[in-house]
There are 2 protein chains.
Amino acid sequence: MARTGRRPAGSSSREAILSAARQALGRYGYDGTTVRGIAADAGVDPALVHHFFGTKQGLFVAAMDFPVDPSTVLPALLAPGVEGLGERLVRFFLSVWEAGDRSPFLALIRGAVSHEESAALLREFVTREVLGRVAAAVNESQPQLRATLVGSQLVGLAMARYVIKLEPLASADPETVVAAVAPTVQRYLAGSLA
Amino acid sequence: MARTGRRPAGSSSREAILSAARQALGRYGYDGTTVRGIAADAGVDPALVHHFFGTKQGLFVAAMDFPVDPSTVLPALLAPGVEGLGERLVRFFLSVWEAGDRSPFLALIRGAVSHEESAALLREFVTREVLGRVAAAVNESQPQLRATLVGSQLVGLAMARYVIKLEPLASADPETVVAAVAPTVQRYLAGSLA
DNA sequence: GTCTATACAACGATAGAC
DNA sequence: GTCTATCGTTGTATAGAC
């Protein structure tokens with residue numbers, strides 16, 4: 001009996017794992033989700049999960065289908081220190097939205113607004129993979145609150161400029177937007193919140 | 001011939017008008033939409049539109065199903081002048097989201113993200129009824145850009161706090177949020193954008 | 001009998017044709 | 001510079017609902 005080795009072609013174990021992961025992560029959160037549980041739901045061996053996605057975090061990133069991988073881009077943005085970080089974050093955020101296909105982001109937002117489970121998944125992902133790293137770079141009090149404030153301005157910028165397309169913000173030069181918004185982000189990161 | 005007078009029961013002229021208005025406003029914008037055209041689409045007399053909704057703007061507000069009527073709340077917020085306006089706007093915005101049912105707002109956002117026509121309708125409404133009034137109260141250069149920047153921070157606050165529910169922002173005391181965000185809005189209204 | 005939905009007609013404003 | 005078409009809006013009358 002062929003219990004080990006590769007299955008006949010056409011098995012979609014990878015997609016089954018991703019589907020099970022999305023459901024579990026949205027329902028129980030990152031910590032409440034186990035690789036073994038996902039593997040069981042998908043009807044595969046836990047080792048196969050690691051074969052496809054490397055780590056639990058890698059599976060998380062893949063399940064989100066997030067257009068950029070924060071673990072690869074954020075360190076470079078954070079490395080130079082808090083000074084000028086607001087500007088670097090805004091400029092990078094804009095460059096991601098300006099370049100290429102916006103539909104993955106729109107799908108994320110649409111899901112978050114429509115289903116609480118999708119919102120939970122996005123919340124968990126952003127908190128852990130994005131805001132957690134940003135908060136770790138903050139030297140002031142309440143780093144998590146500061147990071148979420150940064151997030152609020154950035155997601156609002158995306159909504160106003162790319163989704164609702166409010167003019168003249170939607171057509172403004174990227175550098176104009178950076179000049180206007182970066183001080184806000186910088187203040188959230190390192191200024192007074194009073 | 002009974003051409004005038006009330007129709008037999010069951011006629012839903014009011015809803016027909018609203019439906020035609022949403023379609024026309026989303027497709028052609030406020031100025032490109034005529035009351036007469038809406039009336040024709042709905043198969044009613046133009047005067048009936050005014051009977052139900054008073055003015056074209058009233059019809060616009062009704063078609064949007066916007067949870068608050070900007071023409072009744074904004075003047076009081078804007079009257080005391082630009083000083084402290086950021087704080088008043090943020091506090092009012094929070095009070096509207098905190099109190100009562102959020103589903104009308106969520107429906108607006110969901111529509112805007114899902115259908116371009118809904119986004120156009122929301123854009124037109126917010127620009128004309130909300131940001132237009134705010135911009136008129138601004139004494140600095142680029143009042144429209146400033147108003148849209150205010151809008152970006154407010155819609156981002158709603159997304160982060162009420163939709164994605166990023167912690168600790170989602171659970172923060174309203175006054176903490178006001179203290180953190182109001183200076184941003186105030187700077188967009190009256191500060192330097194450089 | 002009163003209230004409300006509905007239609008007709010017309011007014012003042014505005015913008016484009018010629 | 002008229003003329004005309006169209007717009008938002010209003011006044012008034014009527015027919016059906018309650």
*Hey, is Asp45(A) close enough to Arg36(A) for a salt bridge, meaning N to O under 4.0 Å?*
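Looking at Arg36(A) together with Asp45(A), the answer is no, because their closest N to O distance does not fall below 4.0 Å.
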Are Glu116(B) and Arg123(B) ion-paired here, with the side-chain N under 4.0 Å from a carboxylate O?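 Yes.
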message: With a 3.5 Å distance limit and no angle check, can you tell me whether Gln186(B) reaches the backbone of Val82(B) through a side-chain donor-acceptor pair?
response: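 Yes; at least one donor-acceptor contact below 3.5 Å.
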Protein-nucleotide distance ([X], atom [atom1]; [N], atom [atom2]), rounded to Å:
{"X": "Arg36(B)", "N": "dC8(C)", "atom1": "CZ", "atom2": "P", "answer": "13 Å"}
{"X": "Asp31(B)", "N": "dT14(C)", "atom1": "CG", "atom2": "P", "answer": "14 Å"}
{"X": "Asp45(B)", "N": "dA13(D)", "atom1": "CG", "atom2": "C1'", "answer": "13 Å"}
{"X": "Ile17(B)", "N": "dT4(C)", "atom1": "CD1", "atom2": "C1'", "answer": "14 Å"}
{"X": "His50(B)", "N": "dG8(D)", "atom1": "NE2", "atom2": "P", "answer": "7 Å"}
{"X": "Phe60(B)", "N": "dT9(D)", "atom1": "CZ", "atom2": "P", "answer": "14 Å"}
{"X": "Leu48(B)", "N": "dA7(C)", "atom1": "CG", "atom2": "P", "answer": "6 Å"}

On the nucleotide dG8(D), are OP1 or OP2 found under 4.0 Å from the side-chain N or O atoms that Thr55(B) carries?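 No, outside the criterion.
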Output yes when at least one side-chain N/O atom of His51(B) is less than 4.0 Å from OP1 or OP2 of dT6(C), else no.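 For dT6(C), OP1/OP2 do not have a side-chain N/O of His51(B) under 4.0 Å.
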Any side-chain donor paired with an acceptor under 3.5 Å for Thr34(B) and Tyr28(B)?
->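 There is no such pair (donor and acceptor under 3.5 Å, judged by atom type) between the side chains of Thr34(B) and Tyr28(B).
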